[in-house]
Protein chains: 2
Amino acid sequence: MNIKEVAARAGLPAKTIRYYEEIGLIRPARSENGYRSFGAADLHKLAFIGRARGLGFTIEDCRALLALYEDRERASADVKALAGAHLTRIEAKIAELQAMKRTLAGLVAACAGDDRPDCPILSGLSESGCD
Amino acid sequence: MNIKEVAARAGLPAKTIRYYEEIGLIRPARSENGYRSFGAADLHKLAFIGRARGLGFTIEDCRALLALYEDRERASADVKALAGAHLTRIEAKIAELQAMKRTLAGLVAACAGDDRPDCPILSGLSESGCD
DNA sequence: TATGGGGCTTCCCGTGACTGGAAGGTCAAG
DNA sequence: CTTGACCTTCCAGTCACGGGAAGCCCCATA
């Protein structure tokens with residue numbers, strides 16, 4: 001399988017797959033002509049990485065997850081800890097964004113949005129919030 | 001006011017303030033010795049930027065917001081449009097993170113988290129989800 | 001056999017918004 | 001005079017790629 005086909009099957013851009021090889025996430029074989037030659041195992045790994053990335057895991061998380069995946073003597077506790085930490089990060093990020101959303105939505109709602117210059121959004125950004 | 005003081009008052013790292021000057025967000029005066037010399041207006045601008053950044057606006061958004069802030073003939077509709085677009089982006093990001101959270105929480109909940117290798121998290125990442 | 005058009009390769013630069021660190025000038029206190 | 005805190009500039013790195021150039025390789029068609 002050449003890169004374009006494995007890219008289509010894994011749902012990843014070819015560029016991304018070359019990048020994953022560069023950083024050592026995958027090690028596809030090479031044909032005589034120098035082309036990368038992907039087998040079923042490579043495809044499987046790439047799909048795995050793609051799904052992990054889709055859940056927001058970092059590349060280093062993916063590396064660790066792959067290592068655990070390939071370690072038949074792993075403890076599921078290790079996987080759970082990794083995923084749990086990531087879940088916590090996601091929840092923190094959601095909370096942060098929701099706080100932004102609340103503030104911003106309040107400002108936007110207060111703004112007339114007409115052709116006059118008075119604007120509670122700019123006032124809100126301008127004021128120190130201590131008064 | 002030297003950079004350290006304005007940094008403390010604006011609640012931004014000095015490095016960040018130098019960066020903001022480099023990209024043209026602010027133009028502090030210079031003392032004879034070459035040190036940046038910040039006035040009240042600079043501090044006010046930096047605090048404005050800091051708050052906008054805190055609400056998740058990009059630097060380019062901040063540039064536009066500052067321009068609107070300093071334009072006495074602005075239309076509040078322009079500000080509202082900018083903020084509204086940002087609000088939409090935030091909401092989309094929250095939805096994306098919540099989808100991740102749901103999937104991930106399901107996997108984590110299904111994982112025993114003991115010393116055995118069986119792990120629904122790894123299985124979930126490994127499977128194509130079509131079955 | 002020429003040629004055209006994909007596909008493949010490597011390499012380098014750019015992204016956003018900083019952050020860290022090195023090398024060196026300046027200033028006030030002891 | 002020295003020490004140490006502060007300031008300056010410049011360069012490199014972050015994260016996870018994406019764009020694009022320059023140059024092979026391969027196959028089909030005329």
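The structure presented is a predicted model; accordingly, all values stated were derived computationally and were not measured. Convention: sequence-line order gives letters A, B, ...; per-chain numbering from 1.
A:Lys4 contributes no side-chain N or O that forms a donor-acceptor pair with the base of C:dG6 under 3.5 Å. The base of C:dG25 sits with one of its N or O atoms less than 3.5 Å from a complementary donor or acceptor on the side chain of B:Tyr35.
For the OP1/OP2 pair of C:dC8 and a distance below 4.0 Å, the side-chain nitrogens and oxygens of A:Asn33 include no atom meeting the criterion. Between A:Arg53 and the phosphate of D:dC17, there is a side-chain N or O to OP1/OP2 separation shorter than 4.0 Å. Here A:Arg18 does not reach the OP1 or OP2 of C:dG7: none of its side-chain N or O atoms lies under 4.0 Å away. Regarding contacts with the backbone of C:dC18, a side-chain N or O of B:Tyr20 is found under 4.0 angstrom from either OP1 or OP2. A:Thr16 has no side-chain polar atom (N or O) that falls below the 4.0 Å cut-off from OP1 or OP2 of D:dA16. The side chain of B:Arg36 places an N or O atom within less than 4.0 Å of a non-bridging phosphate oxygen (OP1 or OP2) of D:dT8.
Candidate nucleotides C:dG21, D:dT9, D:dC6 were compared by shortest atom distance to the side chain of B:Lys15, and C:dG21 ranks first. Taking every side-chain heavy atom of A:Tyr19 into account, D:dA16 is the closest of D:dA16, C:dT10, D:dG18.
Taking the charged nitrogens against the carboxylate oxygens, A:Glu96 and A:Lys101 have no contact shorter than 4.0 Å, which rules out a salt bridge. Between B:Arg27 and B:Glu21, none of the side-chain N atoms (NZ, or NE/NH1/NH2) sits under 4.0 Å from a carboxylate O, so this pair counts as no salt bridge. Looking at B:Arg63 and B:Glu60, a side-chain N of the basic residue comes within less than 4.0 Å of a carboxylate O on the acidic one, giving a salt bridge. Between B:Glu5 and B:Arg9 a salt bridge is recorded (basic side-chain N to carboxylate O distance below 4.0 Å).
In this structure, CG of A:Asn2 is placed 11 Å from C1' of D:dC26, rounded to the nearest angstrom. Counting to the nearest Å, the C1' atom of D:dC17 and the CD atom of A:Glu22 are 10 Å from each other. Rounded to whole angstrom, the span from the CD1 atom of A:Ile17 across to the P atom of D:dC17 amounts to 11 Å. Rounded to whole Å, atom P of C:dC8 lies 18 Å from atom CD of A:Glu32.
Residue-level contact check: B:Ile3 touches the backbone only, with heavy atoms under 4.0 Å from sugar-phosphate atoms and none from bases.
In this structure a side-chain-to-backbone donor-acceptor pair under 3.5 Å is present from A:His86 to A:Leu55.
Axis angle between the ends of the helix from C:dT1-D:dA30 to C:dG30-D:dC1, five pairs each and rounded to 10 degrees, works out to 30°.
By the criterion of side-chain heavy atoms lying less than 4.5 angstrom apart, applied directly or through intervening Ile, Leu, Val, Met, Phe, Trp or Tyr residues, A:Tyr35 is not grouped with A:Ile17; the two fall into different hydrophobic clusters.
More than 12 non-hydrogen atoms from other residues, nucleotides or ligands lie less than 6.0 angstrom from CD of A:Glu70.
For the segment residues 54-68 of chain A, no residue has any heavy atom less than 4.0 angstrom from an atom of DNA chain C.
The side chain to side chain donor-acceptor pair (under 3.5 Å) with B:Tyr69 is formed by just one residue from the set B:His44, B:Lys45, B:Arg74; it is B:His44.
In summary, the side chains of A:Ser76 and B:Asp114 do present a donor paired with an acceptor at a separation below 3.5 Å, with no hydrogens or angles considered.
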